[in-house]
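First the proteins, then the strands, lettered A, B, ... as listed; each starts at 1. Remember, predicted model here, so these are calculated numbers, not experimental data.
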Amino acid sequence: MSFGYGRDLVVNDVSLSIPAGAFVTILGPSGCGKTTLLRLLGGYLSPARGQIFLHGRDVTPLPPNLRQVGMVFQSYALFPHLTARQNVAFGLEVRGRSKTEVCQHVDAAFDRVGLSVTERDRFPSQLSGGQQQRVALARALAFEPPVLLLDEPLASLDRHLREQVRLELCRIHRQSGVTTVMVTHDQEEALASSDLVAVMQAGRLLQVGPPRELYDRPRSSFVARFLGDANLIEGAQLGMTPKSLFLVRPECVRVGHNWPGKIVALNFHGADLVADVQCRDFTLRLRTRAIGELAVGDKIALDLPQEHLWEIPAEGDL
Amino acid sequence: MIRKWSIALLGWGAILGLLAPMLHTIWVSFSPDSFLTPPTNVWSVKWYLAYFGDRRWIHATSQSLLIAGMAALLAVAASAPAAWSLGKLTVARQRLLSILLLLPALIPPAALGFGLLPLVYFTGLWGTSLGLVLVHATVGLPIAFLIIRTCLPAKLGELEAAAAGLGANRWEVLRRVTLPLLTPVLLAAGIAVFVLSLNESLVSIFLATPTNETLPAVIWPQLRYSPSPMVAVASCVTALLGMIGMLIVIGILGYQRGRLIAKNTTAINS
Amino acid sequence: MQRISSWLPVFASVALVCGVVMAPLLLLLRVSLYEPATGRGFYTPGTFTFANYAIFADSHVLGIAGFTVLCGVAVATMVLAIAYPLGLFLCSLPPRAQSIAVGLILVPKTAGLLAMLFGLQRWLPRGMLATIIAEVYLVLPYSVIVIYIQLLNLDPTLRDAARGLGASPWQVFRRVTLPLSLPGIRLAFQFGLMWGLGAFLGPLFLGGPSETTLAVELHRQAFEYGRWPLAATEAVGLLIVVSIAAWGVPTVAQLRKVAHS
């Protein structure tokens, strides 16, 4: 699947190919055009330039109802005048499937998302946020589309429900094998669930790759910063090539003796301790299991292991 | 493409059809003679000159404007506090109040007009402008109430609470927060009542006397029994005054709505 | 004290409605129970009788009441048939064109009422058709607004969702837009019925002798014959018919229940 496109520069010259069966996350700050990209895939918007291919077929001119793409909207967009069951049956009924077939598929879809039998005949207004989401997911899966689009599916859930639903999404993806494209602004979500992550900024695709590659070997400082805490240090300060920029993740910084400094801030996070250390003319962030009693103002020396230093390629005009 | 154009043609055609009788009247009002056929070769403003030279029409016009203005003020002054406090009432009382304030628009005007006849007679308001102002204000109440209720800023209550939290007393909250936020809406509601009042025929038909007759009250008997280009001119003057008001209302509400849409789109994008 | 301050904001408007709407209605009721005037005056003071209500057994008045109901139903139906497609059309326009179109629809009714009636009078020969067309012109704008607002408040992502699930444009309309706009349709029909039943200007200016509604008839009784008690009785009758229309139109929930059973 690939496409290129430009429309008010909301999505600008994007080209992306998604392997069948993959779980791909489009990650970016709000307003970067990721939802627009998803709506293009679904056929709700049509590109000013470029094409969209699905299994080798050009679907660019097709309206949403002929695209065979399931979509879960951020607001879920459940039909308020239909019960959960009728909502899920919708996609099958408009395709003119027989009653028994509709029934089977609907129940199978409900089973897959794990919505209990008692809740299946309720109206959306009688369901909780998490249940509504399951209905929306079941509805998008029921007509067995080859591609599933998820627009910020976890954004309107509360924190501990979010993790649970994320795991379920992964399970459903594994079991059904449906190619899934999820849009999110939360990097933890993106890193945890996907086969591929595509980072977007200002309508452009910055980098596409497996989560580990993006985290460890970002090609730009934006990607480095967006995917978690990052120490970005100019080469000159490390005594290396003057114009280069180096990344070292806080959890890779070690307590040692090469870089003496003073602790300027301390935050306890439970699993680890995050310390900002002022070393000469730059600040290093250190994430570590709490060792010893540290306090703000204490002197400490750090090491930057060579194998964890990653040189960010020259960024050009980005 | 053809389908799209035919839908547009049909839609705008229907709207034009709604406007057509009014446009026809405007056309007739430029007639050079006293026939009711629209002018083709010779157009003339002689009926307009005659209109503005006639004391009875001038009196009725000024009477209409005066009553409409007073009615608009009264309707807004009465409905604004009601719309503002609606959210603070229980749901049952909200329903009751809404139905009550919409009642003037739902009662058959002829029944209302005739019921007012003995009332105005007994209370000594017969032949006074005050009686008409009260009635016009009440008839305009539903529209004022609806406009204000719909366009009330979404977080007005919170903004007022914030102002109170910053140390403003009730009066200061009203003067510095509530009123400035509501001004455009109140203006729009007032003009809407004004426009409706200019055309308010039904009550005028039942209650007008020679001393306080409004434009519609002069127009309608002539319209019914002896239509002339003069009546067309009078209707057009009323319509013109009304349309100026409408333009202002649409401008204000359109601006408010534009801001509303802008707010929503930013909310969706983020 | 708390009580008073919470009622203060609604006081003026409620007082206006009570004084200018409720009081006249009560007065109508009382006037309908006076005996008609025998000599001078409009009624006989100090009398009390139900005899006036016997007019509703009179075939002439019954005919008028029948035409009133006919007019109400015809107007409400025609208005709905035009207002709903027009509302859909309005929603399909870009925002700026929407404002202009709404303005153009409202202008004749609000600003140019008299001019509109004058124009209609020039075009249509007095009669049944002219009466109903005039009433449609009078009721339509508000009904369009009611339906337009209902359609505007429909969440557009619901239509997107339906498209994405495979529904054709017609299926989206049939299965999503139409059922979700039923409350607006019902409200527009109800208002159309209430206003159509109270039809006064249409029959007065464009109706012939046989197109007399209760509203026109009561005006004639009061002003041409000076028989206030009879006019009041007819007004009460009209109010009863309109109230039946107000309460009688089933709600959407009730309609659904009937459709399901």
Per-residue contact mode, B:L116 against chain C (heavy atom under 4.5 angstrom):
both
Of C:A12, C:A231, C:A235, the largest count of non-hydrogen pairs under 4.5 angstrom with chain B goes to C:A231
Could you report the tightest heavy-atom contact between C:L218 and B:A110, atom names first, then the distance?
CD1-O, 4.0 Å
Structural part of B:W12 lying under 4.5 Å from a heavy atom of chain C:
both
Check whether C:R126 gets within reach of chain B through its side chain, its backbone, both or neither, counting any heavy atom under 4.5 Å.
side chain
Look at atom CZ of C:F173 and say whether more than 12 heavy atoms of other residues, nucleotides or ligands are closer to it than 6.0 Å.
yes
If you tally heavy-atom pairs under 4.5 Å against chain B, which of C:R96, C:E234, C:M22, C:R122 wins?
C:R122
For B:L101 and C:V14, the nearest pair of non-hydrogen atoms, with its separation, is CD2-N, 4.4 Å
For chain C, which of B:V120, B:L117, B:L103 has the most heavy-atom pairs under 4.5 Å?
B:L117
Which atom names give the shortest non-hydrogen contact between C:P9 and B:W84, and what distance separates them?
CG-CZ3, 4.3 Å
For the rings on B:H24 and C:F118, is their centre-to-centre separation under 6.0 Å?
no
Residue among C:L86, C:V17, C:V20 with most heavy-atom pairs under 4.5 Å to chain B
C:V20
Choice from B:P38, B:P81, B:S79 maximising heavy atom contacts with chain C below 4.5 Å:
B:P81
So, C:W228 side chain and B:F114 main chain: donor-acceptor pair closer than 3.5 Å or not?
no
For B:N199 and C:T110, what are the C-alpha separation, side-chain angles and deciding distance, and is it a side chain to side chain contact (heavy atoms under 4.5 Å, CB included)?
CA-CA 7 Å; B:N199 280 280; C:T110 54; over 6 Å; no
Max heavy-atom pair count under 4.5 Å with chain C, selected residue of B:A14, B:A232, B:C236, B:G242:
B:A232
Please lay out, stage by stage, how C:L16 and B:L74 fare under the test side chain to side chain contact (heavy atoms under 4.5 Å, CB included).
CA-CA 10 Å; C:L16 266 183; B:L74 183 56; 4.3 Å; yes
With a 4.5 angstrom heavy-atom cut-off, is it the side chain or the backbone of C:V21 that approaches chain B, or both, or neither?
both
Given heavy-atom pairs under 4.5 angstrom as the criterion, report whether the side chain, backbone, both or neither of C:F223 touches chain B.
side chain
Would you mind checking which part of B:A83 comes under 4.5 Å of any heavy atom in chain C, side chain (CB onward), backbone (N, CA, C, O), both or neither?
neither
Look at atom CZ of B:R95 and say whether more than 12 heavy atoms of other residues, nucleotides or ligands are closer to it than 6.0 Å.
no
Between C:L106 and chain B, with a heavy-atom cut-off of 4.5 Å, which part of the residue counts as in contact: side chain, backbone, both or neither?
both
Can you tell which of C:G198, C:A232, C:A115 has the highest number of heavy-atom pairs within less than 4.5 Å of chain B?
C:A115
Interface check, chain C: of B:I7, B:T123, B:T138, most non-hydrogen pairs under 4.5 Å belong to B:T138
Heavy-atom closest pair, residues C:A101 and B:I15:
CB-CD1, 3.8 Å
Going by side-chain contact (heavy atoms from CB on, under 4.5 Å), B:M22 matches just one of C:L113, C:L114, C:V107, C:L120. Which one?
C:V107
Are there more than 12 heavy atoms of other residues, nucleotides or ligands under 6.0 Å from atom CE of C:M194?
yes
Shorter than 4.5 Å, heavy atoms on both sides: which option in C:L204, C:L214, C:L239 has the most such pairs with chain B?
C:L204
Looking at B:L134, B:V195, B:L223, which makes the most heavy-atom pairs under 4.5 Å with chain C?
B:L223
B:L119 and C:G19: which non-hydrogen atoms are nearest, and at how many Å?
CD2-O, 3.5 Å
How far apart are the C-alpha atoms of B:L18 and C:K109, what are their side-chain angles, what is the distance that settles it, and do they pass the side chain to side chain contact (heavy atoms under 4.5 Å, CB included) test?
CA-CA 9 Å; B:L18 281 174; C:K109 162 79 191 183; over 6 Å; no
Mind ranking B:I107, B:L89, B:L16 by heavy-atom pairs under 4.5 Å with chain C and telling me who comes out on top?
B:I107
Contacting region of B:M246 [heavy-atom separation from chain C under 4.5 Å]:
side chain
Flag if over 12 foreign heavy atoms under 6.0 Å of CZ, B:R170
no
Chain B contact via C:L104 - side chain, backbone, both or neither, heavy atoms under 4.5 Å:
both
Side-chain (B:T25) to main-chain (C:G119) donor-acceptor, under 3.5 angstrom:
yes
Contact part of B:F206 toward chain C, heavy-atom cut-off under 4.5 Å: side chain, backbone, both or neither?
both
4.5 Å side-chain heavy-atom contact, C:V10 and B:S85
yes
Please tell me if the side chains of B:P21 and C:W123 come closer than 4.5 Å, counting only heavy atoms from C-beta onward.
yes
